[in-house]
Amino acid sequence: MRQKPAVLARQIVAKSRLFTVEEVELRFSNGEERTYERLANKGTGPGAVMVVAMLDNEHALLIEEYCGGTEDYQLSLPKGLVEMDETVLEGANRELKEEAGYGARQLEYLTQLSLSPGYMNQKIHVVLARDLYPERLQGDEPEPIEVDKISLRELFSLMDNPRFTEGRALAALYLVRDLLIQRGEFVA
């Protein structure tokens with residue numbers, strides 16, 4: 001197992017309402033020194049959650065919302081920050097209600113995914129939601145979110161859709177598809 005580099009110094013070099021940029025000076029086991037910059041976790045709450053909500057054993061919900069990073073409307077999965085007083089599963093169900101207008105009677109924690117481990121320490125919890133029912137909660141979105149669906153048989157086609165570019169959402173969909181196949185609940 002490789003030895004982690006020694007941290008020589010850390011300092012906050014920029015901060016905004018949403019982001020903190022931290023500079024970390026490191027010394028590697030071979031003596032090389034490097035300075036890295038990363039988006040630092042604010043360290044509050046359980047983090048973020050992404051929900052793969054299944055309408056049935058074949059179809060998952062997608063949402064379409066404006067994304068400031070790409071300056072365009074994008075298809076993705078319901079997601080958001082888990083509140084301080086919530087568990088990951090409670091946060092998943094709330095986000096699902098706010099963004100897609102559905103609640104789930106069955107929630108299953110699947111895994112965590114790194115967002116961009118070379119530049120940030122944030123991870124997102126992936127939750128499978130099933131046995132859906134209509135319920136909408138007021139969220140903090142500036143406009144109504146459009147809701148769509150995708151067949152797990154058509155995941156490959158998402159790569160040709162310019163409105164679907166989020167790698168973590170694609171990974172979560174493939175993860176759920178393969179899990180359902182493994183359980184015998186979905187035949188590809």
Side-chain angles (χ1 to χ4, degrees), residues 14 16-21 37-39 41 47-82 88 91-104 107-130 132 134-182 185-188:
S16 75
R17 183 176 57 85
L18 294 176
F19 302 108
T20 299
V21 179
E37 286 185 357
R38 68 181 190 154
L39 287 176
N41 190 346
V49 66
M50 176 174 275
V51 185
V52 181
M54 300 300 297
L55 288 167
D56 53 39
N57 284 349
E58 181 181 343
H59 297 92
L61 291 176
L62 295 176
I63 61 165
E64 182 183 59
E65 63 181 332
Y66 185 78
C67 297
T70 59
E71 297 181 332
D72 201 1
Y73 286 89
Q74 293 281 304
L75 288 167
S76 188
L77 296 171
K79 62 193 165 303
L81 292 176
V82 178
V88 169
N93 211 22
R94 178 186 47 75
E95 287 293 340
L96 182 59
K97 291 174 184 179
E98 289 176 0
E99 295 190 356
Y102 286 92
L107 294 157
E108 180 181 354
Y109 182 84
L110 298 181
T111 192
Q112 282 189 57
L113 297 174
S114 295
L115 304 183
S116 182
Y119 296 99
M120 57 180 61
N121 62 1
Q122 289 91 347
K123 295 183 179 179
I124 194 161
H125 302 279
V126 179
V127 172
L128 172 60
R130 301 176 86 181
L132 304 182
E135 183 177 344
R136 179 161 301 281
L137 290 178
Q138 182 67 37
D140 59 359
E141 291 74 20
E143 63 183 358
I145 294 176
E146 297 291 323
V147 179
D148 203 348
K149 67 180 179 178
I150 182 78
S151 167
L152 296 181
R153 298 180 198 288
E154 300 169 357
L155 295 183
F156 194 77
S157 70
L158 286 173
M159 291 188 305
D160 292 329
N161 188 334
R163 295 181 317 142
F164 189 96
T165 61
E166 190 170 13
R168 62 188 177 167
L170 187 60
L173 286 164
Y174 272 107
L175 176 69
V176 166
R177 185 197 67 180
D178 288 356
L179 179 67
L180 296 180
I181 289 171
Q182 191 176 67
E185 298 175 31
F186 177 71
V187 178

Of all residues at least two apart in sequence or in a different chain, which pass the side chain to side chain donor-acceptor pair (under 3.5 Å) check with [X]?
| X | value |
| --- | --- |
| Glu64 | Arg163 |
| Gln74 | Thr165 |
| Glu143 | Tyr73 |
| Arg94 | Glu86, Glu98 |

| request: Look at atom OH of Tyr102 and say whether more than 12 heavy atoms of other residues, nucleotides or ligands are closer to it than 6.0 Å. | output: no
| Quick one: salt bridge (Lys or Arg N to Asp or Glu O under 4.0 Å) partners of Glu185, sequence neighbours excluded? |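 Glu185 satisfies salt bridge (Lys or Arg N to Asp or Glu O under 4.0 Å) with Arg130 once adjacent residues are dropped.
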| field | Glu108: salt bridge (Lys or Arg N to Asp or Glu O under 4.0 Å) partners, not counting sequence neighbours | value |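 Result, salt bridge (Lys or Arg N to Asp or Glu O under 4.0 Å) vs Glu108: Arg183.
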What residues, two or more places apart in sequence or in another chain, satisfy side-chain contact (heavy atoms from CB on, under 4.5 Å) together with [X]?
| X | result |
| --- | --- |
| Ala92 | Val49, Val51, Val127 |
| Leu81 | Ala48 |
| Glu99 | Ile63, Glu65, Pro78, Glu95, Glu141, Ile145 |

| query | Looking at residues at least two apart in the chain, or sitting in another chain, which of them share a ring-ring contact (aromatic ring centres under 6.0 Å, His included) with Tyr119? | reply | none
| query | Under the ring-ring contact (aromatic ring centres under 6.0 Å, His included) test, which residues partner Tyr109, sequence neighbours left out? | reply | His125
| field | salt bridge (charged side-chain N to carboxylate O under 4.0 Å, His left out): pairs with one or both residues in residues 48-59, sequence neighbours excluded | value | Glu58-Arg153
| query | Are Leu96 and Glu135 close enough that some pair of their side-chain heavy atoms sits under 4.5 Å apart? | reply |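 No. Closest side-chain heavy atoms not under 4.5 Å.
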